[in-house]
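All residue numbers refer to positions in the sequence shown, counting from 1.
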Amino acid sequence: MNQHMRKPEAQDINQTPPLFRGAVVESITEIGRAAWNACFDHEPEAYDYLLTVEKAGLEGFIWRYATVYQGETLVAAMPAFLSQYALDTTLEAGSLRTLIGKVRRFWPRFLTLPLACLGSPCTETGQAGIHPQVRPQDYGALFECLLSTFEAYARSQSCAMLALKDIAKTADPAFLAAIRNHDYTGLDGMPTAWLPIDFDSMDAYFARLSPGTRKDMRRKLRVRETVRVEICHDFGPLLPRIMALYHDTRTRSEWQFEELTAAYFSGILTSMPQNAFCTLYYVGDELLAANLMLHDDQRLIDKFFCMDEVKGKPYNLYYLSWFENIRYCLDNGLRCYQSGQAYYSNKVRLGSRLTANDMYFRHRNPLVQKLLQLAAPY
């Protein structure tokens with residue numbers, strides 16, 4: 001796909017007051033930090049985070065930003081991307097996935113479609129930011145403008161597949177209505193796990209766990225004295241080891257979409273010094289695990305936990321990191337620990353709640369859309 005795609009002119013979508021006009025731009029720098037963040041209040045994954053993702057050189061992604069203006073004011077925005085999407089990306093491991101892999105040896109683009117997607121593979125959920133000046137009664141027209149603008153752009157880039165990634169079921173009803181009005185098909189996505197920090201001490205948290213879980217966790221945490229925990233704001237010479245831990249962890253993952261780079265990991269810490277850190281877990285002088293975190297004044301977001309499985313597992317580092325993160329929330333007055341997607345059984349066992357997310361897709365060819373709807377449950 002051409003990396004230097006033509007940017008369409010901003011276009012008026014709603015011809016009645018309030019007049020909204022939409023555009024898709026190629027870099028978040030064309031929008032600016034103040035304008036973007038005004039639409040994403042109390043969101044750690046805002047301008048600086050998305051700019052780091054944009055600069056990180058993630059292979060296979062072309063970053064775009066869907067915007068809506070009212071006059072000269074940015075009133076809505078959403079990150080987006082273009083990619084060649086393999087339809088089996090989230091297919092469970094098994095004979096069917098193996099067969100598709102064998103076919104791709106001879107036909108590399110088998111079951112692969114040019115995709116234009118609202119949302120980001122690197123954010124926790126797909127959010128449309130809205131400026132506080134927009135009246136709630138105008139949200140419907142606003143979201144109509146956002147979707148129509150992005151769809152027109154996707155057509156101009158010959159993207160056959162349209163999608164929205166990780167839209168919370170609790171998203172604004174006007175947004176969900178606009179998605180339905182544009183004939184997208186919804187699929188259950190992976191929920192987001194989060195733990196409310198509505199207790200004032202670790203003892204109070206432990207008291208909420210079931211007796212069996214409480215006993216198991218106390219046993220697992222006995223290794224704490226043999227593990228050295230450090231907070232890091234600059235990887236420096238540790239970056240190669242961090243990347244080795246990341247690739248070791250990623251290789252064990254059942255589903256793989258984006259592959260992060262060293263520029264992503266180092267860029268998060270250097271571009272967001274007030275809102276990002278990494279917790280390092282050592283045994284002796286050997287770094288065995290790292291946990292990259294984002295936060296604002298209310299929420300701690302666990303972005304990636306990477307571990308040397310062979311050497312780290314005996315020290316229960318996953319569980320140790322969980323309790324270190326809760327302790328950080330208590331020490332810093334944060335009210336929510338968001339631990340992301342996957343591995344739900346442990347997270348629910350430890351008190352997390354789940355917020356359901358949906359994926360939406362639409363193919364421009366109605367016949368292909370029907371076939372995809374039939375295949376979607378797989």
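- In terms of modelled atom types and a separation under 3.5 Å, the side chain of Arg214 and the main chain of Leu209 share a donor-acceptor contact.
- Rounding to the nearest 0.5 Å places CD of Glu258 at 7.0 Å from CG of Leu58.
- A distance of 12.5 Å separates OH of Tyr153 from CG of Leu162, quoted to the nearest 0.5 Å.
- Contact annotation: the side chain of Pro44 never approaches that of Tyr49 to less than 4.5 Å [non-hydrogen atoms, C-beta and beyond].
- Between atom NZ of residue Lys55 and atom CG of residue Leu50 there is a gap of 12.5 Å, rounded to the nearest 0.5 Å.
- A single hydrophobic cluster is not seen to contain both Val348 and Tyr205; linkage of ILVMFWY side chains at heavy-atom distances under 4.5 Å, directly or through other members, places them apart.
- Checked against side chain to side chain contact (heavy atoms under 4.5 Å, CB included), Cys329 has the following partners two or more places apart in sequence or in another chain: Ile197, Leu300, Leu334, Tyr337.
- Atom CG of Leu195 is separated from atom OG of Ser339 by 7.5 Å, given to the nearest 0.5 angstrom.
- The main-chain N or O of Lys347 is found under 3.5 Å from a side-chain atom of Ser352 such that the two form a donor-acceptor pair.
- Using modelled atom types, no side-chain atom of Asp248 and backbone atom of Ala244 make a donor-acceptor pair closer than 3.5 Å.
- Looking only at distances, a side-chain donor or acceptor of Tyr344 sits under 3.5 Å from a matching main-chain atom of Pro191.
- For the pair Val283/Tyr315, a side-chain contact is recorded, criterion being any heavy-atom separation below 4.5 Å from C-beta on.
- Across all their heavy atoms, Leu269 and Cys232 have their closest contact at CD1-O, 4.1 Å.
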Go through Asp302 and Asn325 one step at a time and tell me if the side chain to side chain contact (heavy atoms under 4.5 Å, CB included) criterion holds. CA-CA 8 Å; Asp302 189 336; Asn325 293 340; 3.6 Å; yes
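- No side-chain donor-acceptor contact under 3.5 Å links Asn275 to the backbone of Asp296.
- Looking at heavy atoms from C-beta onward, Arg327 lies in side-chain contact with Asp331 at the 4.5 angstrom threshold.
- Every residue two or more places apart in sequence or in another chain was checked for a ring-ring contact (aromatic ring centres under 6.0 Å, His included) with Tyr319, and none qualifies.
- Contact record, Leu288 with Leu245: O-CD2, 3.6 Å, taken as the closest heavy-atom pair.
- Panel note: side chain Arg21, backbone Gly71; a donor-acceptor pair is recorded below 3.5 Å.
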Does the pair Glu54 and Ser27 meet the rule for a side-chain hydrogen bond (donor to acceptor under 3.5 Å, both in side chains), with working shown? CA-CA 8 Å; Glu54 181 181 313; Ser27 173; 2.7 Å; yes
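- Atoms CE and CZ, on Met243 and Phe235 in that order, are 9.5 Å from each other to the nearest 0.5 Å.
- By the 4.5 Å heavy-atom criterion applied to side chains, Ile179 and Asp358 are not counted as neighbours.
- Seen from the ring of Phe199, Arg208 does not count as a face-on cation partner, given the 6.0 Å and 45° thresholds.
- Residues passing the side chain to side chain contact (heavy atoms under 4.5 Å, CB included) test with Asp166 are Gln341, Asn357, Met359, sequence neighbours excluded.
- For Lys220, the NZ atom counts as densely surrounded, since its 6.0 Å shell holds more than 12 non-hydrogen atoms of other residues, nucleotides or ligands.
- Using modelled atom types, one side-chain atom of Asn291 and one backbone atom of Phe304 make a donor-acceptor pair closer than 3.5 Å.
- Of all the heavy atoms in Phe61 and Pro121, the pair that sits closest is CE2-CG, 3.8 Å.
- When the shell of 6.0 Å around CD of Gln274 is examined, it contains 12 or fewer heavy atoms from other residues, nucleotides or ligands.
- When atom types are taken as modelled, the side chain of Ser120 and the backbone of Cys122 share a donor-acceptor pair closer than 3.5 angstrom.
- Put simply, the side chain of Met78 does not reach to within 4.5 Å of the side chain of Thr67, judged on heavy atoms.
- A donor atom on one side chain and an acceptor atom on the other are found under 3.5 Å apart for Ser271 and Thr52.
- Partners of Tyr47 by ring-ring contact (aromatic ring centres under 6.0 Å, His included), not counting sequence neighbours: none found.
- Interatomic distance, Gln70 CD to Cys145 SG, rounded to the nearest 0.5 Å: 10.5 Å.
- Judged as a ring-ring contact (aromatic ring centres under 6.0 Å, His included), and not counting sequence neighbours, the contacts of Trp36 are Phe40, Tyr65.
- Ring-centre distance between Tyr318 and Tyr343: not below the 6.0 Å cut-off.
- When the side chains of ILVMFWY residues are joined at heavy-atom separations under 4.5 Å, either directly or via intervening members, Leu292 and Phe305 end up in two distinct hydrophobic clusters.
- A side chain to side chain donor-acceptor pair (under 3.5 Å) check over residues 174-190, counting only residues at least two apart or in different chains, returns the pairs Glu144-His182, Glu151-His182, Glu151-Tyr184, Thr185-Gln369, Thr185-Gln373.
- You'll find the side chain of Leu118 stays beyond 4.5 Å of the side chain of Phe81, heavy atoms only.
- Closest of all the heavy-atom pairs between Tyr264 and Val53 is CE1-CG2, 3.9 Å.
- The existence of a salt bridge linking Asp216 and Arg219 is confirmed by a sub-4.0 Å separation between a basic side-chain nitrogen and an acidic carboxylate oxygen.
- Checking Gln338 against Arg299 by side-chain atom types alone, a donor-acceptor pair falls below 3.5 Å.
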Steps toward side chain to side chain contact (heavy atoms under 4.5 Å, CB included) verdict (Cys306, Ile242): CA-CA 8 Å; Cys306 312; Ile242 297 293; 5.8 Å; no
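- In this structure, Tyr139 has its ring center at least 6.0 angstrom away from the ring center of Phe175.
- The nearest pair of heavy atoms linking Ala289 to Leu317 is CB-CD1, 3.8 Å.
- Residues Lys303 and Met293 form no side-chain contact, since every pair of their non-hydrogen atoms from C-beta on lies 4.5 Å or further apart.
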Show your reasoning for whether side chain to side chain contact (heavy atoms under 4.5 Å, CB included) applies to Leu280 and Leu238. CA-CA 10 Å; Leu280 306 178; Leu238 292 174; 3.6 Å; yes
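- A donor-acceptor contact under 3.5 angstrom links the side chains of Trp194 and Thr355, judged on distance only.
- Note on Glu324 versus Arg224: salt bridge recorded, some NZ/NE/NH1/NH2 to OD/OE distance being below 4.0 Å.
- Within the 4.5 Å cutoff, the side chain of Gln157 has no heavy atoms near those of the Arg64 side chain.
- Checked for salt-bridge contact, Arg335 and Asp198 miss the test: no charged N lies under 4.0 Å from a carboxylate O.
- Transitive grouping of hydrophobic side chains (ILVMFWY, heavy atoms separated by less than 4.5 Å) brings Met202 and Met217 into a common cluster.
- In terms of modelled atom types and a separation under 3.5 Å, the side chain of Gln298 and the main chain of His42 share no donor-acceptor contact.
- The two residues Leu239 and Ser266 come nearest to each other via the heavy atoms CD2-CB, 4.2 Å.
- In this structure, Gln137 places its CD atom where more than 12 heavy-atom neighbours from other residues, nucleotides or ligands lie under 6.0 Å away.
- Around atom NZ of Lys169, more than 12 heavy atoms belonging to other residues, nucleotides or ligands sit under 6.0 Å away.
- Of the possible donor and acceptor atoms, none in the side chain of Thr125 sits under 3.5 Å from a partner among the backbone N and O of Ile167.
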